[in-house]
Amino acid sequence: MAKPAGPSAANAGMFPDLRRDVAFPVAGMGLLFGAFIAFGLLYQSLFSGAAERLVTVAMIDAIIVLGIQIYVGNTGVLSFGHIGFGAIAGYTFAIFAIAPAEKAKRIPDAPLGLADLDVGSWGAAGVAVAVTVVAAIFVGIGLARSGAESGAVAATVITLALLFVTHEVARNWPEMTGGARAGLSFRIGGALDTRTPIYVALAGALVLARLFAQSRRGRLAKAGREDDLAARAMGVNPMVQQMIALLISVAVVSVGASLRVYETGSILPENFFFNYTLLTLAMLIVGGRNSVTGALFGVAVMTVGRELARRLGQDGFEVFGLGLDGAPLDWIFRENLQTVFFGTAMLGFMIWRPRGLLSDWEFDEWLYRQLTRSQSAPGVPRTAVGADHGDRLEVAGVSVVFGGFQALSNAGFDVRSGEVVGIIGPNGAGKTTLLNVITGLVPAASGQVRLNGVDLIGAPSHEVARAGLVRTFQNLRLFGSLTVRENVEVTRLMAIATHDDRSSPETDVLVAAAGLWEHRDRRAGELDYGNSRRLELARAAAARPRFLLLDEPTSGMSDAESQAMVEHVQTMAALVSAGVVVIDHDLDFMIGICHRIYCLDRGAVIAAGTPEEIQADPSVQAAYLGLPKSD
């Protein structure tokens, strides 16, 4: 039997498994770095002319694209503003790196005494990173206030606005930037005499990007990327993870931008504007925005493709003695063919393969799976439901009004740890609305939700989950692009980070207990319905809840599957010593699992008692079963 990571490994900090999440990524990125550099040097040796500078520019582009990937790939928020951050870094680097004698010629009226300041090239790079990260903090606050999430328009508009603001400032503040015509320059061309800083920065960007993705923060960011609402219900606050990703991302972009200015020896406003934004985003999209391997691959593909298109379109270029710039091929192979290639590639991938060539495939993950494929399932402890640990959830007097409709009216129930309490009622009775109020998704007009005496009414959903109330959803909300194991692990990592007072089984134990061990490396979005329900339950259990709140866990299941779900719910609740509140329409399931049942009708509780008492209650028979109410 494979030995699972122990508690010490789980609590070791940012990485749940040092071998999988640190050793393999570092080794994998080292191999990719070597392959990328070797390919560049081979190309450089085969072609003369501008090949050397093309390779240098490709490496700098790779640093910037990797920086963008840290944010876009892990959070899912599409940013047009990272090249705007690059402009801030580039100008800051130039202002601090240029010698005072040169600044006296170009920006003698620079404010704050900058015209007389000289900190050297590497000091200037450090200042550039610091200034740009400070700017990113303010932008990040704006993104947080806009409710940025994957696919959100507001976040994209904010980052696009940053790009235009930095461009206009650079154009219209000649005292600081040299303006649109002159710009800033120092020893134009060849200012960076060695590639060593570029090699170091590229290797560092690769390792940092992968380590962030494998870290607890990166995994939580990816959970928010996949489903913001489900992530919050598991205790994740996506805004925190997005801010951390943004700051790390901007720091890497700042290093790349500084190297770009240093290598060029000058900077103009158009160097960091829309064309370069589209180019870097195209590189990221073509390779695969959710993958560090894909980001590097996209840089290589787009660089080679654009260079090949440029050569095919130049005058006098021949293939096997056939001139491509003459009839009948001159309408295709003409000057600026690389621009056509760039536009066609971006359009084609957005339409036919929006996830890129590699999607979220990572070289080191593939290698790790090949070496651990024979891992056996861990043992699942035998436990029984019924232990009372003194936890109590009391919901009282909850009322909710949507417009003029009374969705809930003075509704409530109570449940203790070790209990399974059910809530039934006809469609529209307010069952899911009550669960949404408890978990902070719907505001209540009045009422209390008290967990061990602490009122949680009105608390954000991620704080409710951290307090110990964790839910599943009526409509499945899994992290579809993450594997089965990652779905469970990301929730467990959140639980470990927020409260150490409750213990829970290891990730692999929960996966095995859910009957999903053979599917552990499959994406959640590839599972069938029954396995998806079991995964959602295991993921909720991984949050170390005091109470599991299950919204129709047998919806869409056959009678046999519903009966099997009884055992799954009991197993998971017992493993984490949690009480259970369950909503369902399947009476056989509810009778087989619940100790007590509450019946809702038109937003109010009309009956409460044991399953036998509920079955015999005339008001329940009238409201729920459709039988005439006896006099």
Side chain to side chain contact (heavy atoms under 4.5 Å, CB included) evaluation trace for Leu516 with Leu510: CA-CA 9 Å; Leu516 297 170; Leu510 289 167; over 6 Å; no
Closest non-hydrogen atom pair, Leu78 against Thr159: O-OG1, 4.0 Å
Side-chain (Arg289) to main-chain (Pro354) donor-acceptor, under 3.5 angstrom: yes
Separation of Leu357 CG from Phe349 CZ (nearest 0.5 Å): 4.0 Å
Gap between atom CG of Asn275 and atom CD1 of Ile83 - 0.5 Å precision: 11.5 Å
Val286 vs Val299 side-chain heavy atoms within contact, under 4.5 Å: no
Residue pair Gly73 / Arg225: nearest heavy atoms and the distance that separates them: O-NH1, 2.7 Å
Phe36 and Leu202, any side-chain heavy atoms less than 4.5 Å apart: yes
Residue pair Leu211, Val26: steps toward the side chain to side chain contact (heavy atoms under 4.5 Å, CB included) verdict: CA-CA 8 Å; Leu211 291 183; Val26 170; 4.2 Å; yes
Heavy-atom check, side chain of Val490 versus side chain of Arg539, under 4.5 Å: no
Closest approach of Arg534 to Ala514 (non-hydrogen atoms, all atoms of both residues): CD-O, 3.2 Å
Phe212 side, atom CZ; Leu208 side, atom CG - distance, nearest 0.5 Å: 9.0 Å
Flag, side chain of Glu362 to backbone of Val292, donor-acceptor distance under 3.5 Å: yes
Charged N-O contact under 4.0 Å between Asp360 and Lys222: no
Verdict with reasoning, Phe85 to Leu246, per side chain to side chain contact (heavy atoms under 4.5 Å, CB included): CA-CA 11 Å; Phe85 288 121; Leu246 179 65; 4.3 Å; yes
Pair Glu365-Arg210, side chain to side chain contact (heavy atoms under 4.5 Å, CB included): steps then yes or no: CA-CA 10 Å; Glu365 287 185 343; Arg210 276 301 291 138; 3.7 Å; yes
Side-chain (Asn487) to main-chain (Phe479) donor-acceptor, under 3.5 angstrom: yes
Side-chain donor/acceptor of Arg520 to backbone N/O of Trp517, under 3.5 Å: yes
Arg369 with Asp521: basic N within carboxylate O range, under 4.0 Å: no
Backbone of Val261 reached by a side-chain donor or acceptor of Thr264 within 3.5 Å: no
Heavy atoms from other residues, nucleotides or ligands near CZ of Phe39 exceed 12 (cutoff 6.0 Å): no
pair Arg53-Glu263: side-chain heavy atoms closer than 4.5 Å: yes
Heavy atoms from other residues, nucleotides or ligands near CZ of Phe473 exceed 12 (cutoff 6.0 Å): yes
Value rounded to 0.5 Å, distance of OG1 in Thr293 from CG in Leu206: 8.5 Å
Closest non-hydrogen atom pair, Leu281 against Ser79: CD2-O, 3.7 Å
From Phe80 atom CZ to Thr156 atom OG1, the distance as rounded to the nearest 0.5 Å: 6.5 Å
Return a table of donor-acceptor pairs under 3.5 angstrom between the side chains of residues 135-148 and protein atoms on other chains or two or more places apart.
residue, atom, partner, partner atom, Å
Ser146, OG, Leu143, O, 2.7

Whether Arg217 side chain and Met14 backbone form a donor-acceptor pair below 3.5 Å: no
Ala233 backbone acceptor or donor facing Arg477 side chain under 3.5 Å: no
Closest heavy-atom pair and its distance - Phe272, Ala257: CE2-CB, 3.8 Å
Inter- and intrachain pairs under salt bridge (charged side-chain N to carboxylate O under 4.0 Å, His left out), touching residues 232-242, at least two apart: Asp228-Arg232
Side-chain (Thr491) to main-chain (Ala542) donor-acceptor, under 3.5 angstrom: no
Using distance only, find each side-chain donor-acceptor pair of residues 54-64 under 3.5 Å and give its atom names and separation, not counting sequence neighbours.
residue, atom, partner, partner atom, Å
Thr56, OG1, Glu52, O, 3.1
Thr56, OG1, Arg195, NE, 2.9
Thr56, OG1, Arg195, NH2, 3.1
Asp61, OD1, Tyr276, OH, 2.5

Heavy-atom side-chain contact between Arg306 and Leu279 under 4.5 Å: yes
Test item: side-chain donor near acceptor, His82 and Thr280, under 3.5 Å: no
Tyr529 side chain vs Ser555 backbone, donor-acceptor pair below 3.5 Å: yes
Tyr262 side chain reached by Trp122 side chain, heavy atoms, under 4.5 Å: yes
Salt-bridge contact Glu536-Arg533 (side-chain N to carboxylate O under 4.0 Å): yes
Contact check, side chains of Thr132 and Tyr91, non-hydrogen atoms, under 4.5 Å: no
Min side-chain heavy-atom separation Arg260-Asn271 under 4.5 Å: yes
Closest non-hydrogen atom pair, Ala170 against Thr177: O-OG1, 2.6 Å
Heavy-atom donor-acceptor pair, Ser45 side chain to Leu42 backbone, under 3.5 Å: yes
Distance (rounded to the nearest 0.5 Å) between Met29 CE and Asp364 CG: 4.5 Å
